[in-house]
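Data block below; observations after.
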Amino acid sequence: MPIRVQLDRLLHDRRMSLTELADRVGVTIANLSILKTGKARAMRFSTLDALCRELDCQPGDLLVFEPGPADIEDEWV
Amino acid sequence: MRALGPGSVSSLLKIVLDVVYGLMLFVVGVLVVAAIAALLFKIDPAVVKQMSIDGLPAERLTQGPVIALLLTVVGLYVGGVTVVIHRLRQIFTTLTAGDPFHPDNVRRLRLIGLMLVTLELTGYAISAGQVWLFPGGTREETVFSLSSWFSILVVFVLAEVFREGARLRREAELTI
């Protein structure tokens, strides 16, 4: 997906672990991993709000647009 | 009464389907054994005289291969119905678990639709082949059943509805 979540960089800059962030934000580690690995299809405003609050950043710091081909629809059914 | 989840109508129907599935397996087994027996053993004409199959001359029943062929065709038909029942059981397992839009249900519904088409066409083929195989017998006309084909189309449409439901479920899972 052309939209990437820069969770790794932000966590590294703030010396924060994924587990700690998950505790603070109230999102499971599994779901944060989905975000981190770029597998997520969408993010709720409430999640974005909590992430920005806990990481002390702007949405633009968290999300970046990288031009490239859009995802092909999954062929899982 | 709830439609989905444990203790719901779905779980009740699942139990019914389990029982029917067991019976169907038993019937298929009996038919297979009977077909093999008809090929291996000579049939006593005195016993055959007491038997009656619609549309089939009694003298043909003494021929082992004819009986074996009949039993095989019936066995295949019952086997097809058993496959449909089995897939329905699997679908109702997911309904009982409260997860109707499981991705596998799409494939199961499509298979049920294809199997119903096959069974319907087999019915026509049996009807057509009856005259050719048993010229002396009385033929039962197979009527083109509009409601059967309508039901089959509904199954395929339902499969697409489930595909969309499964896609939305996947989207929801990947929305953080």
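Labels below follow one simple rule: chain letters A, B, ... track the order of the sequence lines, proteins then strands, and each chain is numbered from 1. Here the structure is a predicted model, which is why all the values come from computation and not from measurement.
Taking hydrophobic clusters as Ile, Leu, Val, Met, Phe, Trp and Tyr residues chained together by side-chain heavy-atom distances below 4.5 Å, I85(B) shares a cluster with V154(B). Under the 4.5 Å side-chain contact rule for hydrophobic residues, M16(A) and L10(A) share a cluster. Criterion: ILVMFWY side-chain heavy atoms under 4.5 Å apart, direct or through other members. Under it, L11(A) and V64(A) are not part of a common hydrophobic cluster.
One distance of note links CD1 of I176(B) with CG of N31(A); it measures 4.0 Å at 0.5 Å rounding. Atom CG of L174(B) is separated from atom CD1 of I34(A) by 5.5 Å, given to the nearest 0.5 angstrom. Note that the CZ atom of R41(A) and the CD atom of E173(B) stand 10.5 Å from one another [nearest 0.5 Å]. Remark: M43(A) CE to T175(B) OG1 distance equals 10.5 Å, nearest 0.5 Å.
Residue pairs meeting the side chain to side chain donor-acceptor pair (under 3.5 Å) criterion with at least one partner in residues 45-59 of chain A, sequence neighbours excluded, are absent.
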